[in-house]
Engineer: 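Handing you this structure, nothing more for now.
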Amino acid sequence: MTTIKLHNTKTRRKEVFTPLNPDDVRMYVCGPTVYDRAHLGNARPVIVFDVLYRLLRHVYGADHVTYVRNFTDVDDKINAKAAETGRTIGGITEETIRWYLDDMGALGALEPDHMPRATEFIPQMVTMIEDLIASGHAYAAEGHVLFAVDSYTRYGALSGRTVEDMIAGARVEVAPYKRNPMDFVLWKPSSDDLPGWDSPWGRGRPGWHIECSAMAHELLGASFDIHGGGIDLQFPHHENEIAQSCCANGTDKMANVWMHNEMLLVEGKKMSKSLGNFFTVRDLLDQGVPGEVIRYVFLMTHYRKPMDWTAEKAAQAEATLRKWYALAAQAQDGSVPSQTAVDALADDLNTHGFLSECHQLALAGDAATLRATLQLVGVLETNVPAWAAAPVVDLSAHSYRLAAARETAMQTNDFAQVDRLKSALIAAGVEVRMSKSGVELVPGPEFDPSALEGLE
RNA sequence: GGCGGGUUGGCGGAGAGGUUACGCAGCGGAUUGCAAAUCCGUGUAGACCGGUUCGAUUCCGGUACCCGCCUCCA
């Protein structure tokens, strides 16, 4: 069996992955807050953990992996959007979830086995908070419930910080009802114009972190195998999840392996609205950048390194994919993926190494293995995508005419007519291949049939 | 200020204590009427300064620069 090694943020080392239960490998990934279209950066954890999901399914069997990714559908940004637009919160979240699944699907991401929404797990959150209060890890104050970081000695272990260090930074909100400035909110009161649920502490809504603890516990159990997300979530979100879950569940670890992907840059700069380089996945798709190309560009960079999105990379990815698809289309489904490629993925998701092996398969002309290997990583589904398929056109008349002209030219040594036809074909986006064996015309990606009208 | 990550050939981007990464581009060649496509060949790069070592780009320390988090923005 393939041995998977993963870099564990918690230990800062690459470790051999050993599932708690090989018959049910369990992974939780923090999903989006649904208030707007997903931007390109949001796609990175989706693709990274989709690759891991596919690898786990390949190694342990598709029925032996459980992947959970939540939707945060209660959040002050959503509330703000509703107030701003006059729309209902439910309308906004429903629409955004639909968009998200459509856009990520276009990038070849499989849907997780469970996609829980925070609002569907409020009772579980309330129960967990009650348990935390009962065990002395949380306290109610002025309608809020706060987690007491002093009650959990391992607080900060994941991100390598101590409570003292963080307080020294003195950047935390100092609310009067907090016992320790680092205490964070489990529950907060809602005014009448905000979404709220009845609770022992009055009408209110959950803090950000508790939903993941509650949903992970409900769907995956007190301890599970892998917890993932962007590196920006390492602190405070994941630190807080660990504190809540371990204290509420009485376990010493929430997840065995913590994995974090690095951030995204655009043309070397952080994507931001102020720099004018902010765009969504949908923007790219609408501009005609295929989802497979976006996925390939992401796979070019290891997940633990910052990834730079550039137009040049996208162009290179498209050219490579066209070549590979043309080869893979010659084979049928049913072959086995390259073990070398699988081993690259198993080595802490070395997707670039995986692509290198695909290059070797293409060079060797191994269409069947290339096809299966591309399918493994989600770059190819059942069929070659339409954008990469060869245009269905009949160029035989042009081909015949060019061949005839060439025959004549060979005799007369006057190639003027041949060159004229060739130039016209090339201008129309047709690749002209002439050899001793004859003439071959291949319509390229920029092929424009109208440019050939009237060519004689 | 605290914590964490990064710096590889023209570009992108890996692995490995000592043997060609790979891809793209470039260059040379084969091929072609000329091309295109294809094939073959070609690149001793590793931010800087020390240390360990028979030997380091790969380990350790320091310097510079860049980035992220610490402010419920992935």
Side-chain angles (χ1 to χ4, degrees), chain A residues 9 12 29-33 35-36 38-46 48-49 72 75-77 156 158-162 164-173 182 184-185 188 206-211 228-240 260-265 268-273 278 296-297 299-302 304-308 310 312-313 315-317 319-320 323 344 347-348 350-360 362-363 365 406 409-416 418-419 422-423 425-426 430-436 439-442 444:
Chain A
T9 307
R12 291 169 181 72
V29 173
C30 291
T33 300
Y35 66 102
D36 207 351
H39 65 245
L40 191 62
N42 296 123
R44 193 159 191 207
V46 174
V48 166
F49 292 102
T72 299
D75 182 276
D76 287 347
K77 286 191 292 295
L158 176 70
S159 47
R161 317 162 188 235
T162 64
E164 293 72 46
D165 286 345
M166 291 184 273
I167 293 173
R171 296 248 215 143
V172 288
E173 177 195 1
M182 291 309 297
F184 56 90
V185 170
K188 53 190 168 187
W208 173 34
H209 317 292
I210 192 70
E211 60 171 271
I231 187 68
D232 55 322
L233 297 178
Q234 181 188 21
F235 187 90
H237 185 54
H238 288 163
E239 201 73 72
N240 294 354
H260 295 96
N261 61 274
E262 255 294 348
M263 299 290 102
L264 177 98
L265 301 171
K269 298 198 166 115
K270 182 175 180 177
M271 183 163 74
S272 72
K273 287 177 180 168
F278 182 96
Y296 184 106
V297 171
L299 297 182
M300 285 171 76
T301 304
H302 186 84
R304 284 192 293 112
K305 289 204 170 181
M307 193 210 96
D308 194 10
T310 65
E312 187 182 333
K313 277 189 190 175
Q316 197 172 312
T320 301
K323 276 200 292 193
D347 182 13
D348 196 32
N350 184 351
T351 49
H352 191 91
F354 180 96
L355 295 177
S356 292
E357 170 63 8
C358 290
H359 279 293
Q360 298 311 304
L363 190 65
R406 190 155 164 270
M410 291 293 198
Q411 307 293 325
T412 63
N413 219 28
D414 175 8
F415 287 89
V418 177
D419 288 337
K422 189 180 76 172
S423 299
L425 286 162
I426 290 170
V430 179
E431 192 182 289
V432 179
R433 302 178 185 174
M434 289 187 279
S435 68
K436 284 198 167 67
V439 169
E440 191 181 359
L441 300 181
V442 182

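To find a chain, count down the sequence lines: A is the first, B the second, and so on, and within it residues start at 1.
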Engineer: Mind checking A/Met300 for me? I need base, sugar-phosphate or nothing, with any heavy atom below 4.0 Å counting as a touch.
Structural biologist: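 A/Met300: backbone/sugar contact only, no base atoms under 4.0 Å.
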
Engineer: Please confirm whether any donor atom in the side chain of A/His302 sits under 3.5 Å from an acceptor in the base of B/rA14, or the reverse.
Structural biologist: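 Absent.
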
Engineer: Would you indicate what A/Val418 reaches in the nucleic acid, counting non-hydrogen atoms under 4.0 angstrom: base, sugar-phosphate, or nothing?
Structural biologist: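 The answer is base, as A/Val418 lies within the cut-off (heavy atoms under 4.0 Å) of a base atom.
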
Engineer: Under 4.0 Å between any heavy atoms, over every strand shown, what does A/Thr310 touch: base, sugar-phosphate, or nothing? Just pick one.
Structural biologist: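 If one applies the 4.0 Å heavy-atom cut-off, A/Thr310 turns out to touch nothing in the nucleic acid.
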
Engineer: Give the ring-plane orientation class for A/His238 versus A/His260, where under 30° counts as parallel, over 60° as perpendicular and anything between as tilted.
Structural biologist: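 Tilted.
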
Engineer: Could you work out the separation of B/rG2 and B/rU71 based on their C1' atoms and round it to a whole Å?
Structural biologist: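 About 15 Å, rounded to a whole number of Å.
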
Engineer: Classify A/Arg433 by what it touches in the nucleic acid, base, sugar-phosphate, or nothing, heavy-atom distance under 4.0 Å.
Structural biologist: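 A/Arg433: base contact, heavy atoms under 4.0 Å.
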
Engineer: Can you tell me if A/Lys305 touches the phosphate of B/rU7, counting only side-chain N or O atoms and a distance under 4.0 Å to OP1 or OP2?
Structural biologist: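 For A/Lys305, the contact criterion (side-chain N or O under 4.0 Å from OP1 or OP2 of B/rU7) is met.
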
Engineer: Expressed as a whole number of Å, how far does the C1' atom of B/rG13 sit from that of B/rC24?
Structural biologist: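 Roughly 11 Å separates the two C1' atoms.
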
Engineer: Regarding A/Glu357, tell me which of base, sugar-phosphate or nothing describes its non-hydrogen contacts under 4.0 Å with the strands shown.
Structural biologist: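 If one applies the 4.0 Å heavy-atom cut-off, A/Glu357 turns out to touch nothing in the nucleic acid.
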
Engineer: Quantified in whole Å, what is the P atom distance between nucleotide B/rU38 and nucleotide B/rC49?
Structural biologist: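 Roughly 43 Å separates the two P atoms.
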
Engineer: Assuming nearest nucleotide by heavy-atom distance, tell me which of A/Trp208 and A/Met410 is located more 5' along RNA chain B.
Structural biologist: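 Nearer the 5' end of the strand: A/Met410.
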
Engineer: Which part of the nucleic acid, if any, lies within reach of A/His359 when heavy atoms closer than 4.0 Å are counted: base, sugar-phosphate only, or nothing?
Structural biologist: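 The residue A/His359 makes sugar-phosphate contact but no base contact.
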
Engineer: Does the side chain of A/Leu441 reach to within under 4.5 Å of the side chain of A/Val432, using non-hydrogen atoms?
Structural biologist: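 Contact flag for A/Leu441/A/Val432 side chains = yes.
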
Engineer: Who does B/rU42 pair with, Watson-Crick or G-U, both distances under 3.5 Å?
Structural biologist: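 The answer is B/rG26, by the H-bond criterion.
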
Engineer: Once hydrogens and angles are ignored, does a donor-acceptor distance under 3.5 Å link the base of B/rG15 to the side chain of A/Asp347?
Structural biologist: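 Flag unset: no donor-acceptor pair detected.
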
Engineer: Expressed as a whole number of Å, how far does the P atom of B/rC40 sit from that of B/rA45?
Structural biologist: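 After rounding to an integer number of Å, I get 26 Å for this pair.
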
Engineer: Whole angstroms only, please: what is the CG-P distance between A/Leu425 and B/rA35?
Structural biologist: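 The answer, rounded to whole Å, is 19 Å.
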
Engineer: Which base sits across from B/rC65 as a Watson-Crick or G-U pair, both distances under 3.5 Å?
Structural biologist: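 Paired with B/rC65, as far as the under-3.5 Å criterion goes, is B/rG6.
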
Engineer: Tell whether A/Lys188 reaches the base of B/rC72 with its side chain through a donor-acceptor pair below 3.5 angstrom.
Structural biologist: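 Pair found.
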
Engineer: Can you check the A/Glu431 CD to B/rA36 P distance for me, whole Å?
Structural biologist: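 Distance check: A/Glu431 CD to B/rA36 P gives 11 Å.
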
Engineer: In whole Å, measure the gap between the C1' atoms of B/rG26 and B/rG18 for me.
Structural biologist: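 Each nucleotide's C1' atom is 30 Å from the other's.
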
Engineer: For nucleotides B/rU57 and B/rA21, find the distance between their P atoms and express it as a whole number of Å.
Structural biologist: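 That atom pair is separated by 14 Å.
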
Engineer: Select base, sugar-phosphate, or nothing to describe what A/Asn240 touches, counting heavy atoms under 4.0 Å on all strands.
Structural biologist: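 Counting heavy atoms under 4.0 Å across all strands, no contact is made by A/Asn240.
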
Engineer: A side-chain contact here means heavy atoms from C-beta on lying under 4.5 Å apart; do A/His352 and A/Ser356 qualify?
Structural biologist: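 SC-SC contact between A/His352 and A/Ser356 confirmed.
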
Engineer: Expressed as a whole number of angstroms, how long is the span from A/Asn350:CG to B/rG15:P?
Structural biologist: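 Taking CG of A/Asn350 and P of B/rG15, I get 6 Å after rounding.
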
Engineer: From CZ of A/Arg406 over to P of B/rG33, roughly how many Å is that when rounded to an integer?
Structural biologist: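 A/Arg406 atom CZ is separated from B/rG33 atom P by 6 Å.
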
Engineer: Take atom P in B/rU20 and the same atom in B/rC34, then report the distance between them in whole Å.
Structural biologist: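 Roughly 37 Å separates the two P atoms.
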
Engineer: To the nearest Å, how far apart are A/His238 NE2 and B/rG68 P?
Structural biologist: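 Distance check: A/His238 NE2 to B/rG68 P gives 19 Å.
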
Engineer: Taking any heavy-atom pair under 4.0 Å as a contact, classify A/Ile426: base, sugar-phosphate, or nothing.
Structural biologist: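 Result for A/Ile426 = nothing.
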
Engineer: Measure from the side chain of A/Asp76, starting at C-beta and using heavy atoms only, and say which of B/rC72, B/rC34, B/rG13 lies closest.
Structural biologist: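 Of B/rC72, B/rC34, B/rG13, B/rC72 is nearest to the side chain of A/Asp76.
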
Engineer: Over all strands shown, is A/Gly353 touching base, sugar-phosphate only, or nothing at heavy-atom distances under 4.0 angstrom?
Structural biologist: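 Counting heavy atoms under 4.0 Å across all strands, no contact is made by A/Gly353.
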
Engineer: Want to settle it: does A/His39 or A/Gln360 sit nearer the 5' end of RNA chain B, counting the closest nucleotide to each?
Structural biologist: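 Taking each residue's closest nucleotide, the earlier one in sequence belongs to A/Gln360.
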
Engineer: Heavy atoms only, 4.0 Å cut-off, all strands: where does A/Gln316 land among base, sugar-phosphate and nothing?
Structural biologist: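 Base, at least one base atom sits under 4.0 Å.
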
Engineer: Hey, does A/Lys422 reach any base, or is it just sugar-phosphate, or nothing, if we go heavy atoms under 4.0 Å?
Structural biologist: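 It contacts base atoms.
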
Engineer: In whole angstrom, what separates A/Asp348's CG from B/rG15's C1'?
Structural biologist: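 Distance, rounded to whole Å: 13 Å.
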
Engineer: Give A/Phe415 one of three labels, base, sugar-phosphate or nothing, depending on what nucleic acid heavy atoms sit under 4.0 Å from its own.
Structural biologist: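 Base contact.
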
Engineer: Using Watson-Crick or G-U wobble geometry with both distances below 3.5 Å, tell me the partner of B/rU58, or none.
Structural biologist: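 The base-pairing partner of B/rU58, which may sit in any strand shown, does not exist here.
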
Engineer: Can you check the distance between B/rC48 and B/rG6, where both ends of the measurement are the C1' atom (answer in whole Å)?
Structural biologist: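 Looking at atom C1' only, B/rC48 and B/rG6 are 15 Å apart.
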
